[in-house]
Number of protein chains: 2
Amino acid sequence: MSEPAGKTTGDTRSRILDAAEVLFMDHGFDGTSMRMITSRAAVNLAAVNYHFGSKELLIQEVFRRRLTDLNKARLAALDVLEAEACEAPIKPSRIVDAFFGTALRMAADVEGGGHTFMCLLGRTYTEPNEFVRQFLAEEYAECVERFLAALYRALPEVERKEILWRFHFMMGAMSYAIAGTDALQLVTGKFDDEDPSQLAPRLMSFLLGGLRSPLAEAGPPK
Amino acid sequence: MSEPAGKTTGDTRSRILDAAEVLFMDHGFDGTSMRMITSRAAVNLAAVNYHFGSKELLIQEVFRRRLTDLNKARLAALDVLEAEACEAPIKPSRIVDAFFGTALRMAADVEGGGHTFMCLLGRTYTEPNEFVRQFLAEEYAECVERFLAALYRALPEVERKEILWRFHFMMGAMSYAIAGTDALQLVTGKFDDEDPSQLAPRLMSFLLGGLRSPLAEAGPPK
DNA sequence: AATTCATTAAAACGTTTGTTTGAATCATAC
DNA sequence: GTATGATTCAAACAAACGTTTTAATGAATT
């Protein structure tokens, strides 16, 4: 056998992936050296290049490993909603929950590494590494397309462009809620030391409030 | 004279700052080398260490240069509101505009570099570089404290902790709207090619909708 | 015209970077 | 037991990193 996560071979591989995930989250891609990764994973320096080929391919695999599952779970939740609705439009709040709620539940999994990964993911949205961005776009394409279509159907009276904007805003609010260390946290001192289960309901209510907010008056069309 | 931005000396200094600002935004701190900065600024390699001391002090100065003005403008806007109100509570929407609208107006200034800087700032909120974070906390402290106090006064019926959460969410939505390159932009292809003046009214309405959204039911207090 | 001090310039400093090499080690199949 | 193929290991590679050094240049002061 050659590549698939076999019995023993998978050990080194996943030790590397786990170590890289945490370090990328803490120090960024450029701020994390191969030696940091391999020493944290307690493997030989050459192991990364042997198992993954290069640092960039390792980065790619760190994302692929979790993102595939996340977006599968999102699509499965959407499938359920659409099956229940039988062609009828779905409540926007349930669509939003299928997309963002699923991510939040992954982020609530601290021990399994889901939280670490969601922090990394949120952080990566603003890391303009061309290589990673292209990869994320491909991984997300199908999922985003289907959810947008569902929202268009759920909100037929709202212009599609507006829905796009609001989805973008929701993305931002969620990513920051998970990954951000903004001036607030810095000034007030992380106020989410308490259990992260507090985050989900609060964020969902905020997102829905924003989504439903009256549209801005057109203003001078300029 | 020694340090102040004199006649000729300021030229090299600000050329370095301008170059660094763009490069940090595009490639991050670790992804931007001294040679990239100095060659873009068309100055000698040693110039950064001569004028700023080190790379980290340069980073600090890139932020200080613009952040001081931004937060001064925010506080000035809040001063106006409070003077107009004469001790009476202020409408939350006006407080939100004084804080986020001011930032959005800076971000709308593309030619003067305001847009570049706001992208960099949003990106930095998720860059856990300890050095930069500490610096941002100090720069923001007074401003955030005064705006939170104003919001507490404007929304006396809402628990303070909830206001904190929502401020955090608003921070995230705005930063991403400016700096984020999430799956949406990646999939739909940047949809903000049009003038960035479209962003401000849409985001403000989203933020206010989220801020006013009914609070999440307490749920199982756990 | 000579002196002084801030600035720029070119070259080199020692580290650290990602990657590669070739031998050692291991488990499995014959 | 011997051979085979995958994996681990220590060591080295050139390239790039941030920083320092020393000399040249510039403009102002004496």
Side-chain angles (χ1 to χ4, degrees), chain A residues 1-63 124 127 129-132 135, chain B residues 1-63 124 127 129-132 135:
Chain A
M1 82 193 52
S2 56
E3 286 249 334
K7 320 154 207 181
T8 46
T9 155
D11 190 40
T12 299
R13 267 183 67 95
S14 57
R15 278 234 301 288
I16 292 175
L17 288 171
D18 289 340
E21 192 170 58
V22 173
L23 290 169
F24 286 153
M25 185 263 270
D26 275 341
H27 307 101
F29 303 125
D30 290 315
T32 301
S33 70
M34 298 292 239
R35 285 159 181 85
M36 288 167 72
I37 297 170
T38 53
S39 89
R40 183 186 173 102
V43 301
N44 187 269
L45 170 60
V48 173
N49 288 282
Y50 176 78
H51 284 281
F52 300 94
S54 69
K55 185 180 180 181
E56 233 165 19
L57 289 171
L58 167 65
I59 295 174
Q60 200 158 324
E61 183 59 21
V62 166
F63 281 98
T124 305
E127 278 234 21
N129 181 323
E130 199 56 41
F131 191 79
V132 179
F135 174 74
Chain B
M1 87 192 49
S2 56
E3 285 248 333
K7 320 154 207 181
T8 45
T9 157
D11 189 40
T12 299
R13 267 182 68 96
S14 56
R15 277 232 302 285
I16 291 175
L17 288 171
D18 289 340
E21 192 171 57
V22 173
L23 290 169
F24 287 154
M25 186 262 269
D26 276 340
H27 307 100
F29 303 125
D30 290 315
T32 302
S33 70
M34 298 291 240
R35 287 161 179 85
M36 288 166 72
I37 297 170
T38 52
S39 89
R40 182 185 173 101
V43 301
N44 187 269
L45 169 61
V48 172
N49 287 283
Y50 177 77
H51 284 281
F52 299 94
S54 70
K55 185 181 182 181
E56 237 169 12
L57 289 172
L58 168 64
I59 294 173
Q60 201 159 323
E61 182 59 22
V62 165
F63 282 98
T124 305
E127 280 232 19
N129 180 322
E130 198 57 40
F131 192 79
V132 179
F135 175 73

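This structure is a prediction, so every number in the text was calculated from the model and none was measured. Chain letters run A, B, ... following the sequence lines, proteins first, then strands; residues in each count from 1.
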Angle between terminal axes - the helix from C:dA1-D:dT30 to C:dC30-D:dG1, 5 pairs each end, rounded to 10° =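 Helix axis angle between the two ends: 10°.
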Contacts of B:Phe63 that satisfy ring-ring contact (aromatic ring centres under 6.0 Å, His included) - sequence neighbours left out |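 In terms of ring-ring contact (aromatic ring centres under 6.0 Å, His included), with neighbours along the sequence ignored, B:Phe63 is linked to B:Phe117.
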DNA chain C contacts among residues 17-27 of chain B, heavy-atom distance under 4.0 Å =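 Residues of residues 17-27 of chain B under 4.0 Å from DNA chain C: none.
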Between [N] atom [atom2] and [X] atom [atom1], what is the distance in whole Å?
X	N	atom1	atom2	value
A:Arg15	D:dT7	CZ	C1'	13 Å
B:Asn44	C:dT8	CG	C1'	6 Å
A:Met36	C:dT16	CE	P	13 Å
A:Asp11	C:dC26	CG	P	16 Å

Residue-phosphate contact under 4.0 Å: B:His51 side-chain N/O, C:dT8 OP1/OP2 |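 Answer is yes, contact under 4.0 Å.
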Determine: side-chain N/O of A:Thr12 to OP1/OP2 of D:dT7, distance under 4.0 Å, yes or no.
->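 For A:Thr12, the contact criterion (side-chain N or O under 4.0 Å from OP1 or OP2 of D:dT7) is not met.
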Find out whether A:Val62 and A:Leu58 are in side-chain contact, i.e. whether some heavy atom of one side chain is under 4.5 Å from a heavy atom of the other.
->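 They are in contact (side-chain heavy atoms under 4.5 Å apart), so the answer is yes.
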Residues 23-33 of chain A, side-chain donor-acceptor partners within the protein, below 3.5 Å, at least two apart:
unit_1, atom_1, unit_2, atom_2, d
A:Thr32, OG1, A:Leu23, O, 3.1
A:Thr32, OG1, A:Gly28, O, 2.7
A:Ser33, OG, A:Met36, N, 3.2

Gap between atom [atom2] of [Y] and atom [atom1] of [X] - 0.5 Å precision:
X	Y	atom1	atom2	answer
A:His51	A:Ile16	NE2	CD1	5.5 Å
A:Ile37	A:Asp18	CD1	CG	12.0 Å
B:Asn44	B:Tyr50	CG	OH	12.0 Å

Kindly write out the residues that satisfy side chain to side chain donor-acceptor pair (under 3.5 Å) with A:Glu127, not counting sequence neighbours, or none if the list is empty.
->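 Applying side chain to side chain donor-acceptor pair (under 3.5 Å) to A:Glu127 gives A:Arg123.
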Partners of B:Asn49 by side chain to side chain donor-acceptor pair (under 3.5 Å), sequence neighbours excluded?
->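 Partners of B:Asn49 under the side chain to side chain donor-acceptor pair (under 3.5 Å) test: none.
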Kindly write out the residues that satisfy side chain to side chain contact (heavy atoms under 4.5 Å, CB included) with B:Ser54, not counting sequence neighbours, or none if the list is empty.
->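 B:Glu56, B:Leu57.
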So which heavy atom on B:Arg15 is nearest to which on B:Ala42, and how close?
->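 For B:Arg15 and B:Ala42, the tightest heavy-atom pair comes out as NH2-O, 3.3 Å.
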Among all residues two or more places apart in sequence or in another chain, which pass the salt bridge (charged side-chain N to carboxylate O under 4.0 Å, His left out) test with A:Glu61?
->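 Per chain and number, A:Glu61 pairs via salt bridge (charged side-chain N to carboxylate O under 4.0 Å, His left out) with A:Arg13, A:Arg64.
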Please write out each protein N/O paired with an N/O of nucleotides 18-21 of chain D under 3.5 Å, distance rounded to 0.1 Å.
unit_1, atom_1, unit_2, atom_2, d
D:dG18, OP1, B:Lys55, NZ, 2.7
D:dG18, OP2, B:Met34, N, 2.8
D:dG18, N7, B:Arg35, NH1, 2.9
D:dG18, O6, B:Arg35, NH2, 3.0
D:dT19, OP2, B:Asn49, OD1, 3.4
D:dT19, OP2, B:Lys55, N, 3.0

